Amino acid sequence: MAFKVSVIIPVYNAERYVEEAVRSALAQEETGEVILIEDASPDNALAVCERLAESDERVRLYRHPDGQHLGAGPSRNLGIEKATCDYIAFLDADDFYAPDCFKKAKELLSAHPEADGVYGSQGVHFDSPEAKERYQHIARFQPSHTRQEVVHPKDVFNEIGAKVRIHVNTLVLRKQAFAKAGVFNQYRLSQDTHFFYRLALTCTLLSGSIDQPVAIRRVHLENRVHELDTQKMEDCFR
C-alpha cells in the first residue's frame with residue numbers, strides 16, 4: 001500500500017506565505033492531499049487559497065460553518081475530519097517543509113507498525129533583517145534547528161522540553177493516534193503543547209530526522225510570538 005499523507009494547513013492572515021507552504025507540501029512525493037482550512041482571515045488569504053485549490057486537484061479548501069474564525073486547534077480538527085489518507089501531518093501557513101521531509105517518517109512507520117507517529121527537528125528562517133535583529137538573542141540557542149536526541153518511546157513524555165522538542169510541523173501520525181490521544185482543544189494559545197503531552201502519554205512516538213530539519217519555521221514581524229514573552233521564542237530552539 002502506498003504511503004500517502006494528508007497535510008493539514010490552518011490558514012489565518014497568511015496571504016503572503018500560504019502559497020509557499022502549499023508548494024512545499026505538494027513537492028513531497030508522499031503527499032496525497034493538502035487540506036486548507038481558511039479561518040476567516042482579515043487579509044486576502046481566502047482568495048489565494050481558492051486559487052491554489054483551483055490549480056491542483058490535490059489541494060482541498062474548507063471553511064468553518066458560517067465563515068467563523070475559530071482558531072488553529074478547531075481548524076486542525078476540521079482538517080483531521082476531512083482527511084482521506086492513512087497518515088496525517090500539519091504545517092503552519094507561514095512555514096514550509098524541507099525537501100524529502102517525509103522520507104524518514106515513511107521508513108520508520110513502515111518498519112514499525114506498532115508506532116503511532118514520528119517527530120523530527122524544525123529549522124528556522126528569518127524573513128527579514130528586522131525579524132532577525134529582533135530575535136538576535138536566540139542565536140546562542142542553536143537556531144539552525146531544534147535540539148533533539150534519540151529517545152525511547154516510553155521516555156518521550158518525560159523528556160518533552162528537555163531532550164525532546166515536538167513541533168506540530170514535524171509530526172507524521174497514523175489516524176489511530178487521534179483515537180488514542182484525542183484532537184486539539186479550543187485554546188487560542190498552547191493548544192498544540194497540550195496535544196503533544198496527550199500524544200506522548202497515550203501513543204508510541206519515534207524519533208525521526210533529528211540531525212536535519214524536516215520543516216522550517218518562518219520568523220517574521222507578524223508572528224504571533226511577537227505578542228508573547230520572548231522566553232517562549234528561546235524555548236522553541238533549545
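Everything numeric here is computed off the predicted structure, so don't read it as measured data.
Partners of Glu33 by salt bridge (Lys or Arg N to Asp or Glu O under 4.0 Å), not counting sequence neighbours, listed by chain and number: Arg60. Qualifying salt bridge (Lys or Arg N to Asp or Glu O under 4.0 Å) partners for Glu15, counting only residues two or more places apart in sequence or in other chains: none. For Asp116, the side-chain hydrogen bond (donor to acceptor under 3.5 Å, both in side chains) partners two or more places apart in sequence, or in a different chain, are Gln176, Lys180. For the side chain to side chain contact (heavy atoms under 4.5 Å, CB included) test, residues two or more places apart in sequence or in another chain that qualify with Tyr197 are Phe157, Ile160, Thr193. Checked against side-chain hydrogen bond (donor to acceptor under 3.5 Å, both in side chains), Lys4 has no partners two or more places apart in sequence or in another chain. Checked against side-chain hydrogen bond (donor to acceptor under 3.5 Å, both in side chains), Tyr87 has the following partners two or more places apart in sequence or in another chain: Arg174. Evaluation of the side-chain hydrogen bond (donor to acceptor under 3.5 Å, both in side chains) rule for Ser41 yields Glu38 as partners, not counting sequence neighbours.
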What side-chain donor-acceptor pairs closer than 3.5 Å can you find for residues 202-210, not counting sequence neighbours?
residue, atom, partner, partner atom, Å
Thr202, OG1, Arg198, O, 2.8
Ser207, OG, Tyr119, OH, 2.9
Ser207, OG, Val151, N, 3.2
Ser209, OG, Gln212, O, 2.6

Side chains of residues 46-59: which donor-acceptor partners sit under 3.5 Å, not counting sequence neighbours?
residue, atom, partner, partner atom, Å
Arg51, NH2, Glu19, OE1, 3.2
Ser55, OG, Arg51, O, 3.4
Ser55, OG, Leu52, O, 2.8
Asp56, OD1, Arg58, N, 2.8
Asp56, OD1, Arg58, NE, 3.1
Asp56, OD2, Arg58, NH2, 3.0
Arg58, NH1, Leu26, O, 3.4

Enumerate donor-acceptor pairs with a distance under 3.5 Å from any side-chain N or O in residues 101-110 to protein atoms, sequence neighbours excluded.
residue, atom, partner, partner atom, Å
Ser110, OG, Lys106, O, 2.7

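Between Ile88 and Ala83, the shortest heavy-atom distance links the atoms CD1-CB, 3.9 Å. When all heavy atoms are compared, the tightest approach of Val183 to Ile80 is CG1-CD1, 4.1 Å. In terms of heavy-atom proximity, Ala40 sits nearest to Gly67 at CB-O, 3.3 Å. Nearest heavy-atom pair across Tyr97 and Ser24 is N-OG, 3.0 Å. Shortest non-hydrogen contact noted between Leu171 and Phe196 is CD1-CE2, 3.8 Å. Smallest separation of non-hydrogen atoms from Asp95 and Arg217: OD1-CA, 3.4 Å.
Criterion: ILVMFWY side-chain heavy atoms under 4.5 Å apart, direct or through other members. Under it, Ile166 and Ile8 are part of a common hydrophobic cluster. Hydrophobic cluster membership differs between Val214 and Ile9, with clusters built from Ile, Leu, Val, Met, Phe, Trp and Tyr side chains linked at under 4.5 angstrom. Put simply, Ile37 and Val34 are part of two different groups of oily side chains (I, L, V, M, F, W, Y) that touch within less than 4.5 Å, one to the next. In the hydrophobic cluster analysis, where Ile, Leu, Val, Met, Phe, Trp and Tyr join through side-chain heavy atoms closer than 4.5 angstrom, Ile35 is grouped apart from Val172.
Atom-to-atom distance recorded for Asp43:CG and Arg16:CZ is 10.0 Å, nearest 0.5 angstrom.
Taking the six-membered ring for Trp, Phe184 and Phe90 have ring centres closer than 6.0 Å.
Remark: side-chain polar atoms of Glu20 are not paired, donor with acceptor, to backbone N or O of Tyr17 under 3.5 angstrom. Side chain of His69 to main chain of Asp39: a donor-acceptor pair is present (N/O by atom type, distance under 3.5 Å, no hydrogens or angles). The backbone N or O of Cys85 lies less than 3.5 Å from a partner atom in the side chain of Ser6, making a donor-acceptor pair. For Thr31 (side chain) and Ala25 (main-chain N/O), a donor-acceptor pair under 3.5 Å exists by modelled atom type.
No side-chain heavy atom of Phe195 sits under 4.5 Å from any side-chain heavy atom of Asn185. The closest side-chain heavy-atom distance from Leu91 to Val168 is not below 4.5 Å. Taking 4.5 Å as the limit, some side-chain heavy atom of His64 sits within range of a side-chain heavy atom of Leu78. You'll find the side chain of Asn13 reaches within 4.5 Å of the side chain of Pro42, heavy atoms only.
Listed by first then second residue, pairs satisfying salt bridge (charged side-chain N to carboxylate O under 4.0 Å, His left out) with a partner in residues 64-84 read Arg76-Asp92, not counting sequence neighbours. Within the structure, side chain to side chain donor-acceptor pair (under 3.5 Å) pairs that include any residue of residues 152-162 do not occur (at least two apart or interchain).
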